[in-house]
Number of protein chains: 2
Amino acid sequence: MITYTIGKLAQAANINHETVRFYERKGLLPKPSRSPAGYRLYTDDDLKRLHFILLAKKHGFTLADIQELLELRVAPSSTCEEVKLKADQKITIIKDKIAELRSMQRALTTLASTCHGSGPAGKCPILDAFEINN
Amino acid sequence: MITYTIGKLAQAANINHETVRFYERKGLLPKPSRSPAGYRLYTDDDLKRLHFILLAKKHGFTLADIQELLELRVAPSSTCEEVKLKADQKITIIKDKIAELRSMQRALTTLASTCHGSGPAGKCPILDAFEINN
DNA sequence: TACAACATTGTACCATACTACAAGGCAAGA
DNA sequence: TCTTGCCTTGTAGTATGGTACAATGTTGTA
């Protein structure tokens, strides 16, 4: 069986080894077995789990979300529906964020376009807009 | 001249009075004058400045950005162009964020649609997808 | 005048997600 | 064997943007 020390695991997952320890403290990674000298020994399953965590994170889940997902996966009574529900909830949150960012973008674009780009900032239309509109 | 105590100012801006103190510590709000008893006394100019801060924040500027904007506004040598540049930079960042969120949304939507929504989570396609794709 | 509501200060805490030490032990190659 | 590099631990710091609290002083209203 292939085992990894913390450094190798971190390298394989392309993250800082302190982050691995952090995830262990957070309960995202199980406490690994130890070598006679006390070194953490990780397996391929741990690497898979780490990949799961990193991928879920990339997909917009917070560490708290991921912990829930991992628990769902372990609990024999949990259903696919629960997981689907969490994914749907996250999609809704993402949609809201996009809408918010779009509105910010529109506002800033309008503001930037009214600025002719010269003259003292005290009379910059962008700043004026911030003061007039509230 | 109308003056506000910290509570009135906070109320007028619809924020926590501790936030006002926080902004003062951060240098976003100037140190206000004091009443004989040591109470902070704010003017309409302070309220305007606070509105500027809150509006800029709403438009996607961080407190550090806002501090820069406020400094630009004060410096007589600064130009509108500098402010426009900052706004444009922020627009670029916002666009990138939107693109990132869209890709997350697409991925999650695909994952959620492959999940039929029943059965044990151990065999949920969403979780499978997280483990297979890396 | 009593008393509630507001103000003051410094400091510490919250969440999120790490990152960085110091002081020491262990392992592997030249 | 020596030296470098990796490992261990606990603790503390980073960034962002606040929020909370205790102990104490002040103000306004009934």
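Only this structure's heavy atoms are used, side chains among them; waters, hydrogens and symmetry mates stay out. All values derive from a computational prediction rather than experimental measurement.
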Revision key, fill the gap. Whole-Å distance, B:F61 CZ to D:dG17 P, equals 13 Å
Review point. Separation of A:H17 atom NE2 from C:dC18 atom P, in whole Å?
Key: 15 Å
**Study point:** Expected output: side-chain B:R49 to main-chain B:L28 donor-acceptor under 3.5 Å
**Key:** yes
Practice item. Tell me which nucleotide among C:dT19, D:dC7, D:dG18 gets nearest to the side chain of A:N16. Key: C:dT19
Check your understanding: Does A:R73 make a cation-pi contact with A:F52 (under 6.0 Å, within 45 degrees of the axis)?
Key -> yes
Check your understanding: Looking at the side chain of A:T19, which of D:dG17, C:dA7, C:dT19 is the nearest nucleotide?
Key -> C:dT19
Revision key, fill the gap. When rounded to whole Å, the CD1 to P distance for the pair B:I6 and D:dT26 reads 17 Å
Check your understanding: Is the backbone of B:A99 close enough, under 3.5 Å, to the side chain of B:S103 for a donor and an acceptor to pair up by distance?
Key -> no
Check your understanding: Which listed nucleotide (C:dC21, D:dT8, D:dA20) is nearest to the side chain of A:E18?
Key -> C:dC21
**Study point:** Distance below 4.0 Å between B:K57 side-chain N/O and D:dG18 OP1 or OP2
**Key:** yes
Study note, to complete from the structure: Within residues 21-35 of chain B, those residues having any heavy atom closer than 4.0 Å to DNA chain C are B:R21, B:R34
Check your understanding: When the distance from CG of A:L9 to P of D:dC6 is rounded to whole Å, what number comes out?
Key -> 15 Å
Check your understanding: Nearest-Å distance, CD (B:Q67) to C1' (D:dG18)?
Key -> 15 Å
Check your understanding: Taking the side chain of A:Y39 as its heavy atoms from C-beta onward, which of C:dT8, C:dG25, C:dC18 lies nearest to it?
Key -> C:dG25
Practice item. Just do the side-chain contact (heavy atoms from CB on, under 4.5 Å) check on A:L54 and A:Y23 with the steps written out, would you? Key: CA-CA 11 Å; A:L54 297 174; A:Y23 286 168; 4.2 Å; yes
Review point. Is it the case that more than 12 heavy atoms not belonging to B:E18 sit under 6.0 Å from its CD atom?
Key: yes
Point to revise | Between P of D:dG17 and CG of B:L63, the distance in whole Å | key: 4 Å
Review point. CD of A:Q11 versus P of D:dC6: gap in Å, rounded?
Key: 9 Å
**Study point:** Spacing between A:D65 atom CG and C:dA15 atom C1', to the nearest angstrom
**Key:** 14 Å
Check your understanding: Do B:D65 and B:K86 sit within salt-bridge range, that is, some charged N less than 4.0 Å from a carboxylate O?
Key -> no
Point to revise | Closest approach of A:F61 to A:I66 (non-hydrogen atoms, all atoms of both residues) | key: CB-CG1, 3.7 Å
Check your understanding: Does OP1 or OP2 of D:dT8 have a side-chain N or O of A:R40 closer than 4.0 Å?
Key -> yes
Practice item. Would you please confirm or rule out a distance under 4.0 Å between OP1 or OP2 of D:dC7 and any side-chain N or O of A:T5? Key: yes
